[in-house]
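Written out below as structure tokens is the structure these notes cover.
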Amino acid sequence: KAVVRTSSIANNTTGVVAGGADANLSNCTISGNTTGISSLGGAVIRLYENIITSNGTGLSSGGGSILSSNNNQVDGNTINGVVTGFLTNT
């Protein structure tokens, strides 16, 4: 598992990639990457209050899950992509 908070992840081939593991991102800016976030086989990436912009592809799910808390900004990417589900806010 990985937890990333209050970080800038920029100018990489893939900003965040998870395969077969969990990753939680909160209050991060993911920008300027070829792919911002990539979730591969069996991985679960949870997003809380992030800005994902200016990437080639914002969100990419290749057999994994990308779950959103509904308060993320995914816009301004060449291809924004979509989350695979939503987290329950309690």
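The first residue in the sequence is number 1, and the count goes up from there.
- Taking every heavy atom of both residues into account, Leu87 and Leu47 meet most closely at CD1-O, 4.1 Å.
- Without hydrogens or angle criteria, Thr57 side chain to Ser60 main chain gives no donor-acceptor distance under 3.5 Å.
- Using modelled atom types, no side-chain atom of Asn24 and backbone atom of Val3 make a donor-acceptor pair closer than 3.5 Å.
- Nearest heavy atom pair, residue Ala43 against residue Ser39, reads O-OG, 3.3 Å.
- A 4.5 Å side-chain heavy-atom check between Ile37 and Ile52 finds at least one atom pair inside the cut-off.
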Thr35/Thr13 under side chain to side chain contact (heavy atoms under 4.5 Å, CB included): CA gap, chis, key distance, verdict: CA-CA 6 Å; Thr35 301; Thr13 301; over 6 Å; no

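- Test Asn27, Thr29, Asn72 against Asn50 for side chain to side chain donor-acceptor pair (under 3.5 Å) and you get one pass: Asn72.
- With contacts defined as side-chain heavy-atom distances shorter than 4.5 Å, the pair Leu40/Val17 qualifies.
- Listed for the Asn77 side chain is a donor-acceptor partner under 3.5 Å among the backbone atoms of Ser54.
- In summary, of the residues considered (Leu67, Ile45, Val44), a side-chain contact (heavy atoms from CB on, under 4.5 Å) with Thr84 occurs for Leu67 alone.
- Here the side chains of Asn55 and Thr34 are not in contact, with every heavy-atom distance at 4.5 Å or above.
- Residues Asn70 and Ser68 bring no donor and acceptor atom of their side chains to less than 3.5 Å of each other.
- Two residues are said to be in side-chain contact when any heavy atoms from C-beta on lie closer than 4.5 Å; Gln73 and Thr53 fail this criterion.
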